[in-house]
Amino acid sequence: MSKEKQTEEQSDKVVTRYDRRMEKRKKEEEKERRSWLRFRIISSVILAAIAVAIIFSLATSFYSRYQVLNQTYFKVGEHDVTRLEYNYYFNNSYNNYLSMYGSYASIMGLDTATPLDEQTYPGNENMTWKDYFDQAAVTQLQQVKAMADEAKENGFEYDDSEDLASYESEIAAQAESSSVTENDYYTLLYGEYATKSRVEPIIQENLLATAYYAHLVEENQPPAEEIASYYEENKTTYDTVTYRSFYFEVEEEEETAAEETSAAEETAAEETAAAAEESASDETEAAEEEAGMTEEEIAAAMDELKIRADEMAARLDAGEDFEELCVEYANEAQQDTYGGEEEGSLTEEGTYYGAPTAIADWLFDESRQEGEIAVLESESLNRYYVVQFLSRQNDEEATNESIGNLLSSEIVNEHVTEISAAYTVTDVAGELHYLTVPEETETAAETTEAESSETESAEAESTAAETAETETGTAAEAAE
């Protein structure tokens with residue numbers, strides 16, 4: 001074999017450790033290069049997806065904002081109404097309802113913790129509470145648009161700067177007390193995207209319609225003869241009386257109830273552990289029901305009260321002091337009411353609706369004489385009232401103004417109803433479902449009859465409570 005061939009074979013077979021390390025390093029470097037390339041490709045795809053998502057989110061937010069602020073939600077006559085303007089009137093209607101009825105809202109069937117579109121409106125089984133407030137908001141919008149348009153057509157001049165500044169000042173104060181910015185407070189009041197600058201034109205139009213309404217009321221004041229005639233027919237609504245009163249009330253025996261309740265609980269304790277709690281509850285309730293006084297017992301107690309009430313009335317006739325007798329006859333619950341710096345027995349300029357039902361008619365009877373005393377029974381409350389009439393009065397100027405505004409408002413309200421009826425509603429977005437709600441069925445009317453009765457009762461109690469608290473507003477103002 002030649003030397004050249006032997007050398008060539010040896011070079012093919014001998015691989016040094018260095019050669020192997022270098023070969024391994026090359027392979028690792030190639031692997032890392034490919035991994036980095038894959039990472040860059042994947043990262044680029046992820047970043048692109050994130051960018052698309054951000055752009056889509058911004059676009060969605062922008063479109064939502066555009067819809068609320070610019071798109072026509074529905075039309076009132078020739079006026080385009082945005083979702084922002086609708087939200088303003090919807091939230092006003094809702095908040096005014098809660099402000100008016102307060103705790104009675106639940107009696108009316110409104111659950112503030114449940115979405116409005118998931119609650120059936122008691123007045124119509126085919127409507128939800130959202131439909132009800134939709135209708136209220138749209139009706140108000142029709143009236144405002146109609147009145148604002150007529151005001152402009154008739155050249156009615158009105159500077160809203162003072163009223164607008166007063167309104168915005170009140171909002172600013174409420175926002176500060178709530179520890180939020182003004183714009184955030186506008187959003188809380190009037191919905192998404194509502195800010196001071198965006199809501200201001202809506203408020204200005206509302207102020208214009210309100211000012212024009214007041215202008216029409218002033219222009220349509222009735223003659224003095226009509227006011228006087230109305231007053232003669234409704235004296236108890238506008239007159240006030242000053243009087244003293246004290247009541248004797250049947251007090252039920254609480255000791256008997258406590259003893260029977262205790263016995264029931266002891267009996268229940270002898271039951272098994274599993275049934276003890278349930279049995280105690282049942283027997284306790286039964287004991288409490290049985291502890292109430294029978295009709296005969298109440299009648300006997302009332303007879304005793306009548307004797308005491310007549311005795312007090314006789315002592316008053318004899319010249320004893322009313323307040324001092326109240327202190328003497330007061331039970332434990334009444335003791336803090338009488339004998340203080342402010343005489344608890346005295347009611348000054350009380351209204352008919354603020355007086356207890358049992359004594360209101362007697363007090364406002366025109367035959368009452370100063371100093372006249374009576375003992376009057378309240379069967380519903382198991383009470384006897386001792387009442388002394390002192391005087392009846394009327395603020396003629398305030399009464400005439402109130403009656404004049406009431407009668408004039410009736411005329412203007414008819415006018416508003418007439419002109420707003422021409423402003424038809426076009427449901428552009430298809431969200432005003434009340435427009436397609438059928439009339440309530442006969443069955444539904446029957447099922448809600450009891451609820452209507454409760455509603456009327458709640459309204460009456462609410463009105464009476466408000467009148468008793470303020471003692472300043474007239475029934476005519478409440479009706480208006």
Side-chain angles (χ1 to χ4, degrees), residues 236 241-264 284-340 343-347 350-365 367-390 453-454 456-458 460-461 463-465 467-469:
T236 56
V241 292
T242 298
Y243 62 96
R244 291 184 181 275
S245 66
F246 179 84
Y247 67 85
F248 296 87
E249 184 175 43
V250 173
E251 299 178 55
E252 296 199 19
E253 300 175 6
E254 297 180 0
E255 248 182 68
T256 305
E259 289 171 3
E260 294 190 25
T261 299
S262 177
T284 298
E285 291 176 5
E288 290 173 349
E289 290 177 2
E290 292 174 4
M293 296 176 68
T294 65
E295 292 184 7
E296 291 78 9
E297 289 173 330
I298 291 175
M302 287 292 285
D303 289 341
E304 292 179 9
L305 293 185
K306 180 67 163 59
I307 294 172
R308 298 183 69 200
D310 286 340
E311 178 186 87
M312 179 177 177
R315 294 174 67 179
L316 288 170
D317 279 329
E320 294 192 49
D321 183 76
F322 201 109
E323 186 74 11
E324 289 179 3
L325 288 177
C326 290
V327 174
E328 180 181 332
Y329 283 104
N331 60 29
E332 186 176 350
Q334 295 172 315
Q335 287 174 358
D336 292 337
T337 303
Y338 305 101
E343 299 184 53
S345 65
L346 180 65
T347 299
T351 65
Y352 177 85
Y353 300 102
T357 304
I359 67 174
D361 287 336
W362 184 87
L363 285 170
F364 281 84
D365 188 322
S367 66
R368 290 283 76 78
Q369 299 295 316
E370 181 180 352
E372 190 172 350
I373 296 169
V375 175
L376 303 169
E377 180 183 5
S378 172
E379 294 183 0
S380 61
L381 298 177
N382 296 329
R383 290 178 179 177
Y384 272 105
Y385 287 88
V386 178
V387 190
Q388 183 178 38
F389 178 85
L390 299 180
S453 177
E454 285 186 343
E456 292 173 1
S457 175
E461 290 178 21
T463 302
T467 307
E469 287 175 1

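The figures that follow rest on heavy atoms only: side chains count, while hydrogens, waters and symmetry mates do not. Note that the structure is predicted; figures quoted are calculated from it, not measured.
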Which pair of non-hydrogen atoms, one from [X] and one from [Y], has the smallest distance, and what is that distance?
| X | Y | result |
| --- | --- | --- |
| Glu377 | Ala358 | O-CB, 3.7 Å |
| Leu305 | Val250 | CD1-N, 3.4 Å |
| Tyr243 | Ile359 | CE1-CD1, 4.0 Å |
| Ala313 | Val375 | CB-CG2, 3.8 Å |
| Ser378 | Met302 | O-CE, 4.5 Å |
| Tyr338 | Ser245 | OH-O, 4.1 Å |

Would you compute the distance between atom [atom1] of [X] and atom [atom2] of [Y] and round it to the nearest 0.5 angstrom?
| X | Y | atom1 | atom2 | value |
| --- | --- | --- | --- | --- |
| Asn382 | Ile298 | CG | CD1 | 5.0 Å |
| Glu343 | Thr337 | CD | OG1 | 13.5 Å |
| Leu376 | Thr357 | CG | OG1 | 12.0 Å |
| Phe389 | Thr242 | CZ | OG1 | 8.0 Å |
| Gln388 | Arg368 | CD | CZ | 12.5 Å |
| Thr351 | Leu363 | OG1 | CG | 11.0 Å |

Pairwise side-chain contact, [X] with [Y], heavy-atom cut-off 4.5 Å (strictly under):
| X | Y | value |
| --- | --- | --- |
| Glu251 | Glu332 | no |
| Leu346 | Leu390 | yes |
| Tyr384 | Met312 | no |

request  = State which residues pass salt bridge (Lys or Arg N to Asp or Glu O under 4.0 Å) with Asp361; sequence neighbours excluded, sorted by chain then number.
outcome  =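 Per chain and number, Asp361 pairs via salt bridge (Lys or Arg N to Asp or Glu O under 4.0 Å) with no residue.
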task = Before giving the answer on side-chain contact (heavy atoms from CB on, under 4.5 Å), spell out for Ile307 and Glu311 the whole-Å C-alpha distance, their side-chain angles and the decisive distance to 0.1 Å.
result = CA-CA 6 Å; Ile307 294 172; Glu311 178 186 87; 5.6 Å; no
message = Please check: side-chain N/O of Gln334 versus main-chain N/O of Phe246, any donor-acceptor pairing under 3.5 Å?
response =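 Not at all, since once roles are kept as given, no pair shorter than 3.5 Å links the two residues.
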ask   = Can any side-chain N or O of Glu323 pair as donor or acceptor with the backbone N or O of Gly344 at less than 3.5 Å?
value =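 The answer is yes, because a donor-acceptor pair under 3.5 Å joins these two groups.
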query = Between Arg308 and Phe248, is NZ or CZ placed under 6.0 angstrom from the six-membered ring centre and within 45° of the ring axis?
reply =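 Because its charged atom misses either the 6.0 Å distance or the 45° angle limit, Arg308 does not stack over Phe248.
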